[in-house]
Protein chains: 2
Amino acid sequence: MITLAAAQLFREKGFPSTGMRDLAGEVGVEAASLYNHIRSKAELLQEICFRVANDFNAQLMEVEASENLTGLEKLEAIVRFHIQMWINRLDEVMVTNNESKYLEEPYNGTFLNERRVYVRRLEQVIEDGMRKGNIKKVQPYAVVLTLMSAVRGIEFWHRTKKNISAEELEENMVLHLVKGLKK
Amino acid sequence: MITLAAAQLFREKGFPSTGMRDLAGEVGVEAASLYNHIRSKAELLQEICFRVANDFNAQLMEVEASENLTGLEKLEAIVRFHIQMWINRLDEVMVTNNESKYLEEPYNGTFLNERRVYVRRLEQVIEDGMRKGNIKKVQPYAVVLTLMSAVRGIEFWHRTKKNISAEELEENMVLHLVKGLKK
DNA sequence: CAATTTCACTAACAATTGTTAGTTTTGTTT
DNA sequence: AAACAAAACTAACAATTGTTAGTGAAATTG
């Protein structure tokens, strides 16, 4: 899939300095031939970013709907999903995080807006858990910022996996980031 | 200062897509005139990245040397310094984090190596605190990854400061990230 | 087999990139 | 005022960028 090769290159070299000739080389074809399959370089970035955003949104919606979970359990499910996305789909997720600023308008605006909405919904999960659940008193916005960024550390783990296994990493992060919020 | 204008542009537009003509415009001069003051675009990035790295190293050395502090207090001092760097010198710190991959060799290699050493020294602080101090049993590497990345969330806070003050943000992050590690 | 679509190729385009050469203007020191 | 250094300017360079046009081969359809 061209999109996945693009994600890998965009992650490694950055979007602006990944040339269509680089991508073509990775796919095993001449640069001009790519245009039989894609419309533009910009479109590749759009597909990567919005697909990832969609997957995060879908999971959050699912968690919001599960009424058998406590606030803290919901938060844990979300954090675990973030961790797994960073571990299993590093290229796409990193491009979504680091290169989305190169989206052209109106896509960049739409993307930033979707992110704001996502953050707000996550804050809501925390507020609910604080009010009538088992989450201790905190500033929801600060916690969301911290959670969503902390998992970005997985980027560095990926470079030298030997240190610690994926499962250990996940458990340690959940312990550090979520269990500490228990009332 | 040209370097600071460069840091701002590199952060906003990314290093590869910041042109010398963009930078010149920001400084109020023609592109060619910049070369009376700097040697190359690449050198600007080097100056930014290694100056920030130096400042982090200096502070860590200072903390390591203060023998009146417990392990947890050392960790707190380090985390607070990270937070303040992200708040007060966002441009430079973000460029150091996000654009350092565009450093040419051998600078990129040197930079990555310095970072590895920094992480290892931070792990050592945690291990010491665990063995003979007041830090609970955790995987030091996982904690360091989490701590160093969590503060990156400040990037988003910077865009819309209204939400919460810098002091509140710092206290919430320290509470979330450090106090939870107390044995 | 014939017709048609799919897809890779070569060649080229306009625009933009970082940087240099050479010249003129500005500001400081004798 | 003369001499010198610092720093601005214009013009241009080779290289690289994403993309299009046009052509022919391969694969799929009738």
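When reading the values below, keep in mind they use all heavy atoms of this one structure, side chains included, and skip hydrogens, waters and symmetry mates. In the text below, chain A, chain B and the rest are named by the order of the sequence lines, each starting its count at 1.
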| task | Report the C-alpha distance between A/Glu67 and A/Lys74 in whole Å, list the side-chain angles of each, state the deciding distance to 0.1 Å, and finish with yes or no for salt bridge (charged side-chain N to carboxylate O under 4.0 Å, His left out). | result | CA-CA 9 Å; A/Glu67 298 184 2; A/Lys74 285 184 186 176; over 6 Å; no

| request: Flag the pair A/Phe56 / A/Phe81 as yes when their ring centroid distance falls below 6.0 Å, and as no otherwise. | output: yes

| query | Within the structure shown, what part of the strands sits under 4.0 Å from A/Ala42 by heavy-atom distance: base, sugar-phosphate, or nothing? | reply | nothing

| Choosing from C/dA8, D/dA8, D/dA12, which nucleotide comes nearest the side chain of B/Ser33? | D/dA8

| Of the nucleotides C/dA12, D/dC9, D/dT20, which has the atom closest to the A/Arg21 side chain? | C/dA12

| Earlier contact from the 5' end, DNA chain D, for A/Thr18 and B/Leu34 | B/Leu34

| field | Base D/dA6 to side chain B/Asn36, donor-acceptor N/O within 3.5 Å cut-off | value | no

| Nearest-nucleotide pick for B/Ala32, side chain only, options being C/dG18, D/dT19, C/dT20 | C/dT20

| message | Whether A/His37 contacts C/dT6 is assessed here as follows: a side-chain N or O lying under 4.0 Å from the phosphate OP1 or OP2. Is that the case? | response | no

| task | Give B/Ser17 one of three labels, base, sugar-phosphate or nothing, depending on what nucleic acid heavy atoms sit under 4.0 Å from its own. | result | nothing

| message | By nearest atom, which of the nucleotides C/dT19, D/dA8, D/dT10 is closest to the B/Val29 side chain? | response | D/dA8

| query | Expressed in angstrom and rounded to an integer, what is the separation of A/Asp22 atom CG from D/dT16 atom P? | reply | 11 Å

| task | Using atom types as modelled and distance alone, determine if a side-chain donor or acceptor of A/Glu26 lies under 3.5 Å from a backbone N or O of A/Ala5. | result | no

